[in-house]
Trainee: 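Before we start, here is the structure in question, set down as structure tokens.
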Amino acid sequence: MTRLPDERGRFGQFGGRYVPETLMNALNELEEAYQKYSQDEEFQAELRHLLVKYSGRPTSLYYAERLSKHLGGAKVYLKREDLNHTGAHKINNTLGQGLLAKRMGKTKIIAETGAGQHGVASATVAALLGLECKVFMGEEDMKRQQLNVFRMQLLGTEVVPVMSGTRTLKDACNETLRYWVSNVDDTYYILGSVTGPHPYPMIVRDFQRIIGDEAREQILVEEGRLPDYVVAAVGGGSNAMGIFYPFVEDDSVKLIGVEAAGKGVETEEHAATMTKGRHGVFQGSMSYVLQDEYGQVQPAHSISAGLDYPGIGPEHAYLKDTGRAKYFPITDAEALEALQLLSRTEGIIPALESAHAIAQTIKLAPTLSNDEIVVVSLSGRGDKDVEAIMGYLGGNGNESH
Amino acid sequence: MNLIDAAFARVKEQGGTALIPYLTIGDPDLETSVQIIKKMEQVGADIIELGVPYSDPLADGPVIQRASERALAAKQVSILSVMNVAEQARAEGVKLPFILFTYFNPVLQLGLERFFELCLDKGISGLIIPDLPIEEDAEVREMAEEANIHLIPLVAPTSKERVARISSKARGFVYCVSSLGVTGVRSDFHSGIDEFLEDVRRSATVPIAVGFGISSRDQVERFAKQADGVIVGSAIVRKIEEVLPKLNSAAEREAALDEIGQFVGNLKIS
């Protein structure tokens with residue numbers, strides 16, 4: 001397999017840099033700096049140190065025995081990214097990019113956030129490294145994730161409400177890019193997913209691949225063999241790309257991405273970019289996009305603010321079109337069911353995003369035999385969602401059915 | 001000859017600076033856009049930029065974002081209807097060259113072949129695609145050359161060593177971005193603006209025009225000596241926004257169009 005992206009930032013036909021000219025040199029500088037420091041031993045050692053001592057890596061690969069028995073089929077392992085500092089996989093990337101920003105001599109960082117996890121992870125790293133930080137967040141998401149807004153503020157970050165367009169993640173991304181265009185001289189943009197213009201999809205994947213590298217090593221120790229399936233939720237797709245990437249060349253391992261179907265793919269309210277989208281250019285790269293026939297981007301919907309996004313990373317589009325990965329939609333209702341099942345069988349309350357991956361596993365595992373293995377990326381913990389879930393379930397988990 | 005080249009030649013002969021106003025088509029509606037275009041021609045515009053409303057206008061500030069939202073909310077305005085406005089304006093006697101200002105995705109979704117057929121058919125002379133840097137424009141550039149439609153590139157103060165590469169390939173004119181940031185009215189420009197414009201001038205084989213943030217006659221005059229043209233966008237769109245209630249009332253519509261005309265006319269240096 002050739003090394004992707006190519007020198008034009010392409011994964012096959014996907015990717016590229018569709019951004020205003022004002023940003024092109026900043027992207028070139030970023031790419032150069034990244035090429036340099038990704039080979040730099042001192043940089044890698046510093047990152048490694050923070051991942052281990054600060055964030056608590058490696059995260060465990062946990063055999064969910066009670067869930068597996070309940071589902072009756074494959075053995076289900078959970079890659080516990082929820083055990084990271086700040087409660088999700090997002091910190092893997094922000095530590096990497098925060099160090100990169102510092103090496104590049106930038107003193108200010110900006111970030112977009114949907115559910116708030118990437119915002120919190122950016123705010124955390126800003127505090128740790130002594131950088132000034134602004135996080136752009138849709139006004140709608142600020143309401144849904146008040147706890148994370150306050151968390152960022154506690155960490156000394158300014159949360160900038162985004163009032164344009166859908167007032168969710170999509171427009172938070174637009175607004176962050178607009179701010180970056182105006183302040184490109186001294187500001188580093190920590191993009192939170194494997195989306196956007198090259199080199200971001202590559203950089204974020206490389207900082208997140210530690211999820212898959214660890215999982216691959218851990219399952220070989222536990223089971224003496226590779227898993228049959230790797231399952232992960234996709235919004236922009238960073239935790240999925242991170243866990244998929246080290247398995248891409250292992251043909252026996254089936255890669256399953258799980259996207260948010262909201263109220264159902266047959267309705268207007270979903271975020272099922274792979275199932276219902278078409279090829280298009282959105283926020284800097286060519287990929288799959290939810291859009292109308294004339295290329296206007298459609299608002300997405302999901303119970304999970306982190307999956308509520310009408311685009312997806314270009315490398316996922318490549319994995320889909322080459323048939324290497326498959327993508328399935330999971331509805332809000334199915335995700336809520338899965339969240340409760342995992343809570344009750346394993347004592348783990350997953351983030352709503354990760355609950356989508358669990359829901360797909362609930363469908364998949366019973367169709368497999370007892371000697372098959374499924375590794376699921378449990379990308380984040382549910383603490384941030386508890387209030388929202390309480391709203392959906394009427395304050396009583398028992399009355400959800 | 002491409003109408004844009006002819007327009008710059010004529011302005012140069014007259015010793016003036018080309019005035020290139022922008023409007024978001026469909027704000028408040030398609031028919032009014034046709035009337036505003038006619039008015040702009042009457043008051044001295046030399047080339048007109050027709051903005052395609054888009055759901056995710058990355059390069060635009062709040063004024064043009066709002067205009068896009070209004071246009072998209074009111075009716076199903078698409079890239080096709082913007083081209084139909086060009087055709088309609090031409091049918092009503094407008095002689096000025098039209099430049100389509102559009103983000104790349106609407107072009108891509110039409111399909112490049114169909115897009116260029118339509119451009120020729122509807123009388124579009126130039127294209128500005130703000131999210132299509134030279135690294136990504138090879139296919140579009142080739143088809144544009146073939147159709148004799150000018151693909152007008154943007155250069156920014158941050159372009160530095162890219163300036164020569166971009167300007168030397170430019171067709172129509174080079175669009176010089178006067179300040180870092182998105183479109184919108186501002187009182188000051190990038191500190192290195194004069195050196196930047198000289199730099200572009202050195203490598204360009206076509207006229208150069210300045211845009212982003214120009215809103216007043218004073219600012220137009222400031223650039224008149226250095227550039228062959230000035231682009232005014234947000235200030236005009238804001239003017240249209242200001243007179244929206246009048247535009248929507250039968251009794252005051254003419255007065256509103258006159259007000260827009262007066263504003264645009266005041267920016268013309270002949």
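Proteins get letters first, then strands, A, B, ... in listed order; numbering begins at 1 in each.
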Trainee: Identify which part of B/P133 has an atom lying under 4.5 Å from any heavy atom of chain A, answering side chain, backbone, both or neither.
Mentor: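 For B/P133, backbone and side chain are both near chain A.
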
Trainee: What part of A/N28 gets within 4.5 angstrom of chain B, counting heavy atoms only: side chain, backbone, both, or neither?
Mentor: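 A/N28 touches chain B through side-chain heavy atoms alone.
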
Trainee: Test ring-ring contact (aromatic ring centres under 6.0 Å, His included) on A/H316 and A/F11; report intermediate values, then the result.
Mentor: CA-CA 9 Å; A/H316 282 294; A/F11 306 89; 9.8 Å; no

Trainee: Examine the side chains of A/N93 and A/Y200 and answer whether a donor and an acceptor come within less than 3.5 Å of each other.
Mentor: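 No pair is found: no donor N or O on one side chain lies under 3.5 Å from an acceptor on the other.
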
Trainee: So, are A/R10 and B/E136 salt-bridged, with charged N and O less than 4.0 Å apart?
Mentor: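 Counted as a salt bridge, because a side-chain N and a carboxylate O are separated by less than 4.0 Å.
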
Trainee: Under a 4.5 Å heavy-atom cut-off, does chain A meet the side chain of B/P57, its backbone, both or neither?
Mentor: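 Looking at B/P57, backbone and side chain both touch chain A.
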
Trainee: Side chain, backbone, both or neither: which part of B/V77 has a heavy atom under 4.5 Å from chain A?
Mentor: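 The backbone, not the side chain.
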
Trainee: Could you tell me whether the side chain of A/Q97 and the main chain of A/L191 form a donor-acceptor pair under 3.5 Å?
Mentor: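 Yes; at least one donor-acceptor contact below 3.5 Å.
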
Trainee: Quick one: which of B/R66, B/E161, B/K160 has the most heavy-atom pairs under 4.5 Å with chain A, could you say?
Mentor: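 The residue among B/R66, B/E161, B/K160 with the greatest pair count is B/E161.
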
Trainee: Side chain, backbone, both or neither: which part of B/Y54 has a non-hydrogen atom closer than 4.5 Å to chain A?
Mentor: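 When you check distances to chain A, atoms from both the backbone and side chain of B/Y54 fall under 4.5 Å.
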
Trainee: I'd like to know which of B/A156, B/P157, B/S55 tops the heavy-atom pair count under 4.5 Å against chain A.
Mentor: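 Top count of heavy-atom pairs under 4.5 Å with chain A: B/S55.
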
Trainee: I'd like to know if the side chain of A/Y18 pairs up with that of B/N105 as donor and acceptor (distance under 3.5 Å, no hydrogens or angles considered).
Mentor: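 No pair is found: no donor N or O on one side chain lies under 3.5 Å from an acceptor on the other.
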
Trainee: Given a strict heavy-atom distance threshold of 4.5 Å, which part of B/L108 is in contact with chain A: side chain, backbone, both, or neither?
Mentor: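 For B/L108, the contact with chain A is made by the side chain alone.
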
Trainee: Between chain A and each of B/S78, B/A59, B/P62, count heavy-atom pairs under 4.5 Å; write down the option with the most.
Mentor: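 Of the options given, most contacts go to B/S78.
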
Trainee: Under 4.5 Å heavy-atom distance to chain B, tell me which part of A/M163 shows up: side chain, backbone, both or neither.
Mentor: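 When you check distances to chain B, no heavy atom of A/M163 falls under 4.5 Å.
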
Trainee: Scan side-chain atoms only and decide if A/E259 and A/T273 contain a donor-acceptor pair under the 3.5 Å cut-off.
Mentor: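 Looking only at side-chain atoms, A/T273 and A/E259 do not form any donor-acceptor pair under 3.5 Å.
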
Trainee: Measure B/V107 against the heavy atoms of chain A and call it side chain, backbone, both or neither at under 4.5 Å.
Mentor: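 The answer is neither part of B/V107.
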
Trainee: Does the gap between the ring centers of B/H150 and B/F173 come in under 6.0 Å?
Mentor: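 Between B/H150 and B/F173, the centre distance exceeds or equals 6.0 Å.
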
Trainee: Would you please test B/F101 and B/T24 for side chain to side chain contact (heavy atoms under 4.5 Å, CB included) and show each step?
Mentor: CA-CA 9 Å; B/F101 181 105; B/T24 301; over 6 Å; no

Trainee: Using non-hydrogen atoms and a 4.5 Å limit, figure out which bit of B/D137 sits close to chain A: side chain, backbone, both or neither.
Mentor: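 Neither part.
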
Trainee: If you measure from CD1 on B/I79 to CD on B/Q109, what distance do you get to the nearest 0.5 Å?
Mentor: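 With rounding to 0.5 Å, CD1 (B/I79) is 10.5 Å from CD (B/Q109).
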
Trainee: Would you mind telling me which of B/T158, B/L154, B/D56 has the largest number of heavy-atom pairs within less than 4.5 Å of chain A?
Mentor: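 Option with the greatest count: B/D56.
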
Trainee: Would you say the ring centers of A/F282 and A/Y309 fall short of 6.0 Å from each other?
Mentor: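 Centroid distance A/F282-A/Y309: below 6.0 Å, so yes.
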
Trainee: What option among A/K170, A/Q283, A/R278 has the most heavy-atom pairs under 4.5 Å with chain B?
Mentor: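 Counting heavy-atom pairs under 4.5 Å, the top option is A/K170.
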
Trainee: Checking A/D171 side chain against A/T166 main chain: does a donor-acceptor pair fall under 3.5 Å?
Mentor: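 Checked: pair present.
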
Trainee: For the interface with chain B, which of A/E293, A/Q298, A/Q291, A/R8 has the highest count of heavy-atom pairs at distances below 4.5 Å?
Mentor: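 Of A/E293, A/Q298, A/Q291, A/R8, A/Q291 has the most heavy-atom pairs under 4.5 Å with chain B.
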
Trainee: Under 4.5 Å from any heavy atom of chain A, what part of B/I166 do you find: side chain, backbone, both or neither?
Mentor: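 For B/I166, the side chain is the part near chain A, not the backbone.
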
Trainee: Out of B/L180, B/I129, B/I134, return the one with the most heavy atom pairs under 4.5 angstrom to chain A.
Mentor: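 It is B/L180.
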
